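Here the structure is laid out as structure tokens; the discussion comes afterwards.
Any value given below was found using the heavy atoms of this structure, including those in side chains, with hydrogens, waters and symmetry copies removed. These figures come from a predicted structure and were not determined experimentally.
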Protein chains: 2
Amino acid sequence: MSANSNELSDRKKLILKAIVEAHIRGGEPVGSKYITESKQLSCSSATIRNEMAELESLGYLEQPHTSAGRVPSKQGYRLYVDTLLEEYAMTAKEIAQINQLMKIKMSELDQILDKASKVASVLTNYTGFAIKPRAHAVTVTKYETALIDAHSFILIVVASNGAVKTRNVLLDTEIDEYVLARLTAALNELVVGLDAEQISLSVMISLENRLSGDSVLVNAVMKSIYEMLSELDSGELKVSGLDRLLQYPEFTDAQNLGELLGAFERKDDILDLISEIDGEDVNVVIGKESSVKVINNSTLVFKPIRSNGRTVGAIGVIGPLRMDYARVLATLDNLGGNISHLLNEPKQLGGKSQ
Amino acid sequence: MSANSNELSDRKKLILKAIVEAHIRGGEPVGSKYITESKQLSCSSATIRNEMAELESLGYLEQPHTSAGRVPSKQGYRLYVDTLLEEYAMTAKEIAQINQLMKIKMSELDQILDKASKVASVLTNYTGFAIKPRAHAVTVTKYETALIDAHSFILIVVASNGAVKTRNVLLDTEIDEYVLARLTAALNELVVGLDAEQISLSVMISLENRLSGDSVLVNAVMKSIYEMLSELDSGELKVSGLDRLLQYPEFTDAQNLGELLGAFERKDDILDLISEIDGEDVNVVIGKESSVKVINNSTLVFKPIRSNGRTVGAIGVIGPLRMDYARVLATLDNLGGNISHLLNEPKQLGGKSQ
DNA sequence: TTTAGCACTCTCGATTGTTTAGTGCTAACT
DNA sequence: AGTTAGCACTAAACAATCGAGAGTGCTAAA
């Protein structure tokens, strides 16, 4: 809608950068005097003031009230993360810490993501989250079953996106190996390649015909399949370290906090927001700049997790607009790399050393 | 530690009850005048004052400051819920609402609990939660497997507490039906009846001997088994409707809210607290009166969910001390009954009418 | 045993003055 | 033309004061 970054003089950029960073550190509006004093800018506070006034009219800064300092606007933060930010070089100690925390070998993607979101939260001191993105029109590529007892068995589906899901099916009729084998064969023949929406009455009827009209069984199974597919479709969101939000003054008033908690409850908005992005890089969503107006006064930073060329999840953190972007970006990038590594490396022995 | 309820005159009880209920409604300290005016007590404010002073010295009331009214103490709330509370009769409408909301037929316990905690939150307007309690020394009673592809299979354990858990096991070596069948047989012979702590090196060695020394496979499997058992041991806690807390002034200050959020993060304390109780009835934990000092200024109400004579979970709500106990107790009781019903009734057809 | 009456205490809200931080503007300076 | 010193101005933050209101405890009378 307005000025692109090239229009800004180097000095303006420098000033904006200084203001953003000071504000991130201190949390309070920063004034011209502070900039002149603490910085390499060799000009007086009056000059800074003039520049600040211009930056404000360009939309990069805001003034809470007449006699306060300036605060970066969302647009200001955006420019900062896109072009002004200096890459944060993680210390060896920090990298060691990530490796240490992620050392626990886990096999389930869910658990790895969960753990990673906790680690992200601890390392950045913001609230962490992990999602498995929405995946539309997932279909089943293979069915498998395992008998538990006369009244229950496990139904396993392998989905087109590589996910595997299981469900405990309980029946009040009896079932045995033979019936189950027939069921499995029938499913693999008749109910493969459908997504949740395509499971129709006619599919059920053909399946029922194939299985001597055992409608109880067919109903139970189809219901489970439908549920599993829906779950795969609808994504997942887990949050950790919620209490960390409270240390930031922007979340002590119930307004902002409520919006955030509400968004976490509903999950949909955040899942939508993240599911629609499909890169490999760390993403930064600042306030409600996105089409989705989930988060008004918070920033959401996340990195997609890919495995075998597919986006299988994402981890990220959420915090105030004045987030320590440099550190967060570096941390998530590193952590994300660590996870991809975990997911793609061949399985090792348990780790009983000699 | 002090006065039992029989020492209280009927009038004192009536006054205490009136104060508690007024405070629950209004949230503010209630004074002698208010009681005299609005109530059936036929005596003057001065008399009420005298009684209130006594109730305070007995520990049932507290005074925020000299010229404020009285507020029930935790002990006061306790007496109220234990002996003063009038049973809340749910309206037909409310009962219909519960049935409506819980109508969705789901088979997995996890999902039912999850849904129920959401419903509890909606109906009571407090924060809801669902737990699967800790279960110590769970053992495996049966193993089952299902091949997915050459590099992965599903491992299923049926646990001594009736739970069924599955894990996707990935290998970089190849595996086939035959190997899997041998593995399954060996597991069912050698690794049955052990809890997480009893999985030792010697078990692994005997298993490995049985399986032509395939240590990669054995390691992966035993690790998964260990993980599953640990998970079964350690319980689960899910929270819903967190944002509802914010509407109660007692949670607008970061102190209380932080404590609660922290407790939800750690989960342990709350799981401990609830796991140690094994009745059938709705339980009320007021503040940190319990040995576990998790929640200082909140009340936790929950109802165990039983299935086949075993406690398989619990649902509840958490909110301010001045919770609408009557309503909450009735709601949870009803909702709990509804769930037990769901869990124990024979499975129905999918619901295609006619 | 109850109650009317009153003095006392404490909070809360409004009002006011003071301090402080930071601005915008102008006029002088390089 | 860009920079800077200086100054008037603004708005918040803070502290002190004041009166009103609510509710108590106590006393003395019923």
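- Applying the ring-ring contact (aromatic ring centres under 6.0 Å, His included) criterion to B:Y34, with sequence neighbours excluded, gives no partner residue.
- Applying the ring-ring contact (aromatic ring centres under 6.0 Å, His included) test to B:Y325 and every residue at least two apart in sequence or in another chain returns B:Y77.
- Contacts of B:Y80 classified as ring-ring contact (aromatic ring centres under 6.0 Å, His included), with partners at least two apart in sequence or in another chain: none.
- Remark: nothing in residues 246-255 of chain B comes within less than 4.0 Å of DNA chain C through any heavy atom.
- Residue pairs that meet the salt bridge (charged side-chain N to carboxylate O under 4.0 Å, His left out) test with at least one member in residues 21-36 of chain B, sequence neighbours left out, are B:K17-B:E21.
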### Query
Reading nucleotides 19-25 of chain D 5' to 3', which nucleotides get B (base under 4.0 Å from a protein heavy atom), which S (sugar-phosphate only), which -?
---BSBB
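- Shown here are the ring-ring contact (aromatic ring centres under 6.0 Å, His included) partners of B:Y248, two or more places apart in sequence or in another chain: B:Y126.
- For DNA chain D, each stem of at least three Watson-Crick or G-U pairs (distances under 3.5 Å) is given as range with range: C:1-30 with D:1-30.
- Residues satisfying the salt bridge (charged side-chain N to carboxylate O under 4.0 Å, His left out) criterion with A:D10, sequence neighbours excluded, are absent altogether.
- Within residues 15-28 of chain B, no residue has any heavy atom closer than 4.0 Å to DNA chain D.
- Contacts classified as salt bridge (charged side-chain N to carboxylate O under 4.0 Å, His left out) and involving residues 53-71 of chain B (residues at least two apart or in different chains) are given here: B:K12-B:E54, B:E56-B:R70.
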With a 3.5 Å cut-off and sequence neighbours excluded, list the donor-acceptor pairs that the side chains of residues 251-260 of chain A form with protein atoms.
unit_1 : atom_1 : unit_2 : atom_2 : d
A:T252 : OG1    : A:P249 : O      : 2.7
A:D253 : OD2    : A:Q255 : N      : 3.2
A:Q255 : NE2    : A:E259 : OE2    : 3.2
A:N256 : OD1    : A:N297 : ND2    : 3.3
A:N256 : ND2    : A:E250 : O      : 3.0

